[in-house]
Each structure stands twice: as structure tokens, then as C-alpha cells.
Amino acid sequence: MALVSMRQLLDEAAKGGYGIGAFNVNNMEQIQSIMEAARETKSPVIVQASRGARAYSQDRFLYHLMLAATEIYPEIPTVLHLDHGNSPATCISAIDMGFTSVMMDGSLMEDGKTPSSFEHNVAVTKEVVEYAHARGVTVEAEIGCLGGIEDGHGSGGSGLDHVTDPAQAEDFVKATGCDALAIAIGTSHGAYKFTRKPDGDVLKMDILIEIHKRLPTTHLVMHGSSSVPKELIDIINQYGGKMKTTFGVPVEEIQLGIKNGVRKVNVDTDNRLAITGAIRKVFMETPEKFDPRDYLKPAREAMKKVVAERMVQFGQAGHAGDYTSKPLSEMAEMYKSQLVSA
């Protein structure tokens, strides 16, 4: 099975009323963790790579690892998605490489840090939509800016500095024709999202619900949605780490989002925590170990456990075999014939 369009997965998720986790990767072990979790739970999957990940692993390595994943797990509909593309050129390079979905994050300027204007965001997103849809590739966009920084990308500050305006979101989707829309509702990149369990003052689920009412057929995306479980922090600290107390996005809030149009949920930090805790445990308990396999195997298993749990919680478990994947050429024809629209 080839890599497939994210739009098809999101359309199917909308029909079924569930969300799909989008998990970031940098290396082979992370891809294996995700694919094993997908097989175990019978889930469709979105694997995503940031610009930092593309630079770290080098594009060709990453792409061929993903091709290997589709060969080994042919029953799993699998998307390769670019996370936070900072310019049309970045997105086009990913599409030409073989990514089946890209995010054009025009909410920030090309430096990936400075908030942009609405007009700039529309212009760069439209450019990517035209190029991508002609090739059957999905486009995610963002309006509003998340807090924090991840892989050098982000506006910094708190997640409340640039919350999405619902009316502007409606205008943006109409102007760009994007397939999915990431919105800013108070979440941030990284582990340190909230200093207390988030409530309506810091996590604006009411704004998400309002956007869904205005855009009932648009697939919404929650970024910065790791739950940062205390038990994962505790394992790291138990084995020599020094992580501060922090709170992520509660799973029940994500599930509320899924009931209100969220179809893609980005998770990265939880997996990083699981991997790091497992590696620290091996190093602390068996300091004589030096074979990378001795610590990467438990790390891979720890991440798989978190991913499988999220797949069940988001509702995607059991849906891998619901449909036959369409080739990108067929998706391109559907865009051309306007059989799919924002």
C-alpha cells in the first residue's frame, strides 16, 4: 500500500465521529512504535515530521522509512504529513519528496516566530493549496498562533496571546480552500503548557465550539495536545531527571473537541517523555549496558503504549479497515471536479 492522502482519513473520521492522532517522528524507532500501535489497535495513522525532523533525519532517510512502514503494515492507511511548514517553498519541497499532506503555517512569518497578517496567511496558504490539490495532496493551515516553541518553530509566550477569532477563521477557510484548520485555543508547544490543570480561563473550548458551528464541514486540528501525564514525568525524575511540575491538555477536553469537529490531534511531547523515561530507567538500573538496542527496545515499547492508548481515546481504534485507500491521482481528480471542498 502506498502512502495516502490525509484528506481521505479526515473525511472518514468525520463520518465516524472520531479523531485521529498525528504523531511526530525523528527516527526509525518512533515510526516503528506508531505503526505497531496502529496494528495493535487497528487504527489509521498520521505520521508527521517537522522541519527540524526533516533536517535531523534527512528527507530521504525519513521518506524511505515511511515507505518501509507501508510495506510492513499494508493494512494500515498511513499518511506522511509535514508539520508546520514555514513557507510555500518548504511545503512544495515536501510534496515533491512524496509527503501526502502538508501544513502551511502562514500564521507566522517565514522565520517561524513572528505573527503574520491575515493577508499574508491567506496568500501563502492559497499558493500551497493550488500546488498540493493539483497533486492530490492535503493542506492543513493555521489561523491564530500557539504559544511555546517546538523544533525552533512557534511564537513563544503563552497560548492565549493570539487566540483564533471565529469570524476570521470562517473567512480564512473560504478564501484559501484548505482541507483542515489548526486553531489556537490556549495550547502551547512543548511540555510546559499549563501551570495548573486547565479550565475555561486558559483552554478556550468555547471558541473551538463556536468555530465548529461556523464551519461544520471543516476538519479542525488541535496542536499542542499532549496530555503530559504525571506518571511519565515521575519516571523521568525517578531516574535522574529534573522536570518541573506541569500540566497538559486533559484527554477529556480533547474528546470534547472531537465531538465538535476536531479530526486531527497532534501529540509529540507525551511520546518524548515515554521514550526518555524508559531510556533513563535502563541507564540507572543497568549502568553496565552499552548496546543501543538494550535501551531503544524499551523506549520503543514505552512510546507504543502511549500511542496505542491515545488511538483508543481518540476513537480511531478499529477503523483501519473501514475503507479502501484512494491513490493521490484520484484525489487530484476529485479536487479538480470539486468533489471535495473545504
Side-chain angles (χ1 to χ4, degrees), residues 3 6 9 20-41 43-73 76-84 94 97-103 150-153 189-191 223-229 232-233 235-236 241 248 264-283 291-314 316-317 320:
L3 293 163
M6 186 169 78
L9 268 64
I20 301 178
F23 304 99
N24 287 72
V25 297
N26 300 278
N27 60 21
M28 179 184 75
E29 286 79 11
Q30 289 178 302
I31 293 171
Q32 290 171 329
S33 298
I34 295 165
M35 299 309 296
E36 279 294 309
R39 174 168 282 173
E40 183 178 286
T41 60
S43 296
V45 72
I46 300 166
V47 174
Q48 57 186 25
S50 64
R51 285 183 296 129
R54 291 175 70 189
Y56 172 81
S57 61
Q58 298 184 34
D59 271 351
R60 298 304 301 178
F61 279 110
L62 188 63
Y63 178 65
H64 284 279
L65 283 169
M66 289 305 303
L67 290 184
T70 64
E71 292 173 7
I72 297 167
Y73 305 88
I76 303 297
T78 304
V79 172
L80 177 56
H81 174 76
L82 170 68
D83 191 24
H84 287 291
M97 173 67 61
F99 281 61
T100 56
S101 179
V102 296
M103 180 192 185
E150 184 174 52
D151 283 350
H153 191 100
H189 295 296
H223 280 239
S225 292
S226 282
S227 298
V228 195
L232 295 181
I233 298 277
I235 290 170
I236 288 174
K264 176 174 179 278
V265 184
N266 284 19
V267 176
D268 188 9
T269 295
D270 287 353
N271 294 331
R272 294 182 181 194
L273 295 173
I275 287 170
T276 299
I279 291 173
R280 281 189 172 277
K281 186 172 188 287
V282 173
F283 285 169
D291 186 336
R293 290 170 295 188
D294 287 334
Y295 53 86
L296 290 177
K297 282 181 182 177
R300 187 170 59 188
E301 184 62 29
M303 176 170 162
K304 173 196 161 187
K305 183 179 176 184
V306 171
V307 172
E309 185 177 28
R310 296 292 175 270
M311 286 172 165
V312 171
Q313 291 166 333
F314 298 164
Q316 71 200 81

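For this chain, numbers begin at 1 and follow the sequence in order.
I20 has its side chain out of reach of K264: every pair of non-hydrogen atoms, C-beta onward, lies at least 4.5 Å apart. For the pair E36 and Y73, the minimum side-chain heavy-atom distance is below 4.5 Å. Put simply, the side chain of H84 does not reach to within 4.5 Å of the side chain of R51, judged on heavy atoms. Contact annotation: the side chain of F23 approaches that of N271 to within less than 4.5 Å [non-hydrogen atoms, C-beta and beyond]. For the pair Q48 and S101, the minimum side-chain heavy-atom distance is 4.5 Å or more.
Note that CD of E71 and NE2 of H64 are 10.5 Å apart. Values are rounded to the nearest 0.5 Å. Of the inter-residue distances, the one linking L65 atom CG with M35 atom CE reads 12.0 Å to the nearest 0.5 angstrom. Here the straight-line distance linking atom CD of Q30 with atom CG of N24 works out to 8.0 Å at 0.5 Å rounding. Atoms CG and CD1, on L62 and I31 in that order, are 5.5 Å from each other to the nearest 0.5 Å. The distance from atom CG of L296 to atom CG of N27, rounded to the nearest 0.5 Å, is 7.5 Å. In this structure, the separation between CG on D268 and CG on L273 is 9.5 Å, given to the nearest 0.5 Å.
Side-chain N or O atoms of Q316 include one that pairs as donor or acceptor with a backbone N or O of P44 at under 3.5 Å. The backbone N or O of V267 lies less than 3.5 Å from no partner atom in the side chain of S225, so there is not a single donor-acceptor pair. Between the side chain of D270 and the backbone N or O of S226, no donor-acceptor pair lies under 3.5 Å. Using modelled atom types, one side-chain atom of T100 and one backbone atom of L80 make a donor-acceptor pair closer than 3.5 Å.
Contact between G98 and L3 at its shortest, heavy atoms only, is O-CD1, 4.2 Å. Taking all atoms of both residues into account, the shortest heavy-atom contact from S43 to A317 is OG-CA, 3.2 Å. Of all the heavy atoms in F99 and L82, the pair that sits closest is CD2-N, 3.5 Å. Considering every non-hydrogen atom in both I72 and R39, the closest pair reads O-NH2, 2.7 Å. The two residues A278 and A299 have their closest heavy-atom pair at CB-CA, 3.7 Å. The shortest heavy-atom contact between M311 and I34 is CE-O, 4.1 Å.
With sequence neighbours left out, R280 forms a side chain to side chain donor-acceptor pair (under 3.5 Å) with no residue at all. Evaluation of the side chain to side chain contact (heavy atoms under 4.5 Å, CB included) rule for E301 yields K304 as partners, not counting sequence neighbours.
Applying the salt bridge (charged side-chain N to carboxylate O under 4.0 Å, His left out) test to residues at least two apart or on different chains, the pairs with a partner in residues 55-65 are R54-D59.
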